[in-house]
Amino acid sequence: MSKGQVMVVGAHGVIGRAAALHLADTGWDVVTVARRGPLEELKARGNVRHVSVDLLDPESVKERFASLTAVTHVVYAAYMDMPMRAAVAPNTAMLVNTLDALQFLGAKLTRVVMVGGGKSYGEHLGHYKTPAKESDPRFLGPIFYNNQEDALKQRALDRHFSWTVLRPDGVFGFSAGSPMNIVNGLAVFAAVSKEQGVPLRFPGLPGTWNALHQATDSALLARAIAWALTADSAHAEIFNVTNGDNFRWSQLWDDLAAFFDIPTAEPQPLPLVENMGDKEDLWQNMVRVHGLRPTPWDTIASWPFVEGWLASDFDMLQSTIKIRQAGFHDCIDTHQSLLNHLGFLRSNRYIP
């Protein structure tokens with residue numbers, strides 16, 4: 001028996017993909033929503049359907065959602081990447097257009113789980129209070145997560161449905177064609193380094209090398225999303241979600257090097273946008289030589305994204321005590337999480 005019909009918005013992202021796969025495997029009827037077509041892994045599933053739509057066009061959203069009146073739950077994980085000030089209006093509009101279209105069409109929502117992130121604490125601005133807690137006061141924006149949360153809470157109040165906000169940080173996972181993925185970036189950087197016959201050097205800032213950081217495994221996050229869709233203790237709450245441990249790049253880097261059987265050398269700051277910008281021909285040759293999937297250079301990794309990650313030369317820590325006390329206790333060692341996802345990339349021929 002189906003647990004209900006859940007809409008996963010942003011299904012091609014790392015988070016949306018993981019959520020859609022997990023929910024489809026655990027008794028839900030799933031509607032995936034994205035600008036692009038359906039996920040390859042779910043095309044043949046009888047309990048999954050896909051809607052391609054531009055969420056910035058409210059009339060198109062209503063038209064494309066017309067047959068989705070049975071939707072009872074929503075997982076919102078869509079994201080438009082752009083500078084923060086410019087990101088507020090479109091990212092808020094996509095959420096609003098989704099919820100307003102479902103309301104207009106008469107869908108009876110039970111709960112909406114929205115996925116936010118560590119930027120709610122200002123981590124993208126530099127040093128912030130750690131460990132960050134969900135009860136911490138907001139900082140002076142712009143920050144689109146605030147606008148989204150306000151829009152979600154008001155609609156939930158007006159339309160009598162429940163909501164939960166989850167805040168992962170540093171998601172380790174996979175999504176084809178979604179280059180904003182730190183694991184992809186690290187894997188390609190290591191593979192290119194090996195191909196060029198140079199040791200694997202950490203390219204981030206010196207302070208980043210030993211700072212305490214955190215990550216959220218995409219499969220763990222998918223399980224947290226499934227929990228939040230139905231748990232009474234998740235009603236009208238915000239939760240941080242991370243792996244449950246912390247790591248230092250100075251320790252995780254050895255795992256990356258060992259996976260590729262490549263020697264390491266002293267860290268050396270390297271502007272990745274500039275220094276990886278000329279590697280497209282090399283990458284395409286690697287694809288041919290190693291029999292990899294023909295993946296375009298601009299979709300295998302986002303170097304501005306990776307460079308930004310490795311420029312965080314301060315502790316990045318969110319407390320997860322609240323979600324544990326509410327009943328979600330899952331965890332994974334971040335070193336194992338990295339190796340799991342690297343193994344997936346290799347076994348599926350995305351990397352040599």
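One N or O on the side chain of N47 and one on the backbone of A24 form a donor-acceptor pair closer than 3.5 Å. When atom types are taken as modelled, the side chain of H213 and the backbone of D313 share no donor-acceptor pair closer than 3.5 angstrom. Counting only distance, with no hydrogens or angles, the side chain of T72 and the backbone of L109 share no donor-acceptor pair below 3.5 Å. One N or O on the side chain of T295 and one on the backbone of R293 form a donor-acceptor pair closer than 3.5 Å. N348 places a side-chain N or O within donor-acceptor distance of the main-chain N or O of F344, the cut-off being under 3.5 Å. Panel note: side chain S337, backbone D333; no donor-acceptor pair is recorded below 3.5 Å. Here the side chain of S2 pairs a donor or acceptor atom with the backbone of G4 at under 3.5 angstrom. At least one donor-acceptor pair under 3.5 Å links the side chain of T208 to the backbone N or O of L310. At distances below 3.5 Å, not a single donor-acceptor pair connects side-chain atoms of N285 with backbone N or O atoms of D281. Side-chain N or O atoms of T69 include none that pairs as donor or acceptor with a backbone N or O of G106 at under 3.5 Å.
For S319 against P131, the heavy-atom pair with the smallest separation is N-CB, 3.9 Å.
Clustering ILVMFWY residues whenever any of their side-chain heavy atoms sit less than 4.5 angstrom apart, transitively, puts I182 in the very cluster that holds I351. Under a hydrophobic-cluster definition in which Ile, Leu, Val, Met, Phe, Trp and Tyr are linked whenever side-chain heavy atoms come within less than 4.5 Å, directly or via other members, I143 and L95 are assigned to different clusters. When the side chains of ILVMFWY residues are joined at heavy-atom separations under 4.5 Å, either directly or via intervening members, L220 and V14 end up in a single hydrophobic cluster. Linking Ile, Leu, Val, Met, Phe, Trp and Tyr residues whenever their side-chain heavy atoms come within less than 4.5 Å leaves V71 and V75 in two separate clusters. Note: the hydrophobic cluster containing Y79 also contains V306 (ILVMFWY, side chain heavy atoms under 4.5 Å, direct or indirect links).
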### Verdict with supporting geometry, W163 and H235, ring pair (Phe, Tyr, Trp, His ring centres under 6.0 Å)
CA-CA 6 Å; W163 61 269; H235 166 66; 7.5 Å; no
### Message
Go through it in stages, so that I can follow the logic: the residues are I225 and V8, the test is side-chain contact (heavy atoms from CB on, under 4.5 Å), and I'd like the CA-CA distance, side-chain angles, deciding distance and then a yes or no.
### Response
CA-CA 11 Å; I225 288 169; V8 179; over 6 Å; no
### Query
Hey, mind stepping through Q318 and Q214 against side-chain contact (heavy atoms from CB on, under 4.5 Å) and telling me if it holds?
CA-CA 8 Å; Q318 268 82 285; Q214 62 194 356; 3.0 Å; yes
### Message
Before you tell me yes or no, could you show the steps for S233 and W227 under side-chain contact (heavy atoms from CB on, under 4.5 Å), namely the whole-Å CA-CA distance, both residues' side-chain angles and the distance that decides it to 0.1 Å?
### Response
CA-CA 10 Å; S233 56; W227 168 81; 3.5 Å; yes
### Message
Using ring pair (Phe, Tyr, Trp, His ring centres under 6.0 Å), reason through F172 and H341 one step at a time and then give a plain yes or no.
### Response
CA-CA 7 Å; F172 282 10; H341 292 294; 7.1 Å; no
### Message
Would K129 and Y121 count as a side-chain contact (heavy atoms from CB on, under 4.5 Å) here? Give the steps.
### Response
CA-CA 8 Å; K129 176 216 164 208; Y121 304 112; over 6 Å; no
### Task
May I have the step-by-step check of side-chain hydrogen bond (donor to acceptor under 3.5 Å, both in side chains) for Q336 and N340, ending in yes or no?
CA-CA 6 Å; Q336 188 60 54; N340 289 349; 2.7 Å; yes
### Query
Would T92 and N147 count as a side-chain hydrogen bond (donor to acceptor under 3.5 Å, both in side chains) if you check the C-alpha gap in whole Å, the side-chain angles of each, and the deciding distance to 0.1 Å?
CA-CA 6 Å; T92 306; N147 300 69; 4.7 Å; no
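For the pair E149 and R138, the salt-bridge criterion is met [side-chain N within less than 4.0 Å of a carboxylate O]. Salt bridge status for D29 with R49: absent, with no side-chain N to carboxylate O gap under 4.0 Å. Here R35 does not pair with D57 in a salt bridge; the nearest charged N to carboxylate O distance is not below 4.0 Å. Taking 4.0 Å as the cut-off between side-chain N and carboxylate O, R45 and D25 count as a salt-bridged pair. Checked for salt-bridge contact, K279 and E195 miss the test: no charged N lies under 4.0 Å from a carboxylate O. A salt bridge links D100 with R159; the closest basic N to acidic carboxylate O contact falls under 4.0 Å.
The shortest distance between side-chain heavy atoms of K43 and P38 falls below 4.5 Å. For the pair F161 and L152, the minimum side-chain heavy-atom distance is below 4.5 Å. Using a 4.5 Å heavy-atom cutoff, the side chains of T230 and R111 are not in contact. For the pair C331 and D245, the minimum side-chain heavy-atom distance is 4.5 Å or more. Inter-residue side-chain proximity for V31 and F65 is flagged as unmet; no heavy-atom pair is nearer than 4.5 Å. Using a 4.5 Å cut-off on side-chain heavy atoms (C-beta onward), V61 and M94 make no contact. Under the 4.5 Å side-chain criterion, counting only non-hydrogen atoms from C-beta, D81 is in contact with M180. Side chains of N210 and W249 form no contact here, defined as non-hydrogen atoms less than 4.5 Å apart.
Within a 6.0 Å sphere centred on CZ of F139, other residues, nucleotides and ligands contribute more than 12 heavy atoms. The number of heavy-atom neighbours closer than 6.0 Å to NZ of K108, taken from other residues, nucleotides and ligands shown, is 12 or below. Other residues, nucleotides and ligands contribute more than 12 heavy atoms inside 6.0 Å of the CG atom of D158. Atom CZ of R349 has more than 12 heavy atoms from other residues, nucleotides or ligands within 6.0 Å.
For the atom pair CD of E280 and CG of D298, the computed distance is 7.0 Å after rounding to the nearest 0.5 Å. Between the OG1 atom in T32 and the CG atom in L23 there is a gap of 11.5 Å [rounded to 0.5 Å]. Considering CD1 of I238 and CE of M114, their distance stands at 8.0 Å, rounded to 0.5 Å. With rounding to the nearest 0.5 angstrom, the CD1 atom of I300 is 8.5 Å from the CG atom of N181. One distance of note links NE2 of H290 with CZ of R288; it measures 11.5 Å at 0.5 Å rounding. Atom OG in S120 sits 11.0 Å away from atom OH in Y128 (nearest 0.5 Å).
The salt bridge (charged side-chain N to carboxylate O under 4.0 Å, His left out) test applied to K322 returns E237, not counting sequence neighbours.
With 3.5 Å as the limit, one finds no donor-acceptor pair spanning the side chains of N240 and T320. Looking at D54 and S60, their side chains never bring a donor and an acceptor atom within 3.5 Å of each other.
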Show me the donor-acceptor pairs within less than 3.5 Å that the side chains of residues 251-274 make with the rest of the protein, sequence neighbours left out.
| unit_1 | atom_1 | unit_2 | atom_2 | d |
| --- | --- | --- | --- | --- |
| W253 | NE1 | L200 | O | 3.3 |
| D255 | OD2 | H335 | ND1 | 2.4 |

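Note on ring orientation: taking the six-membered ring where Trp is involved, the planes of F174 and Y350 are tilted (angle from 30° to 60°). Between H50 and H12, the ring planes lie perpendicular to each other; the angle is over 60°, past the 30° to 60° tilted range. The aromatic rings of H73 and W28 lie perpendicular to each other, with more than 60° between the two planes, well past the 30° mark.
Under the side chain to side chain contact (heavy atoms under 4.5 Å, CB included) rule, V183 has a single partner from V188, L342, V171, which is L342.
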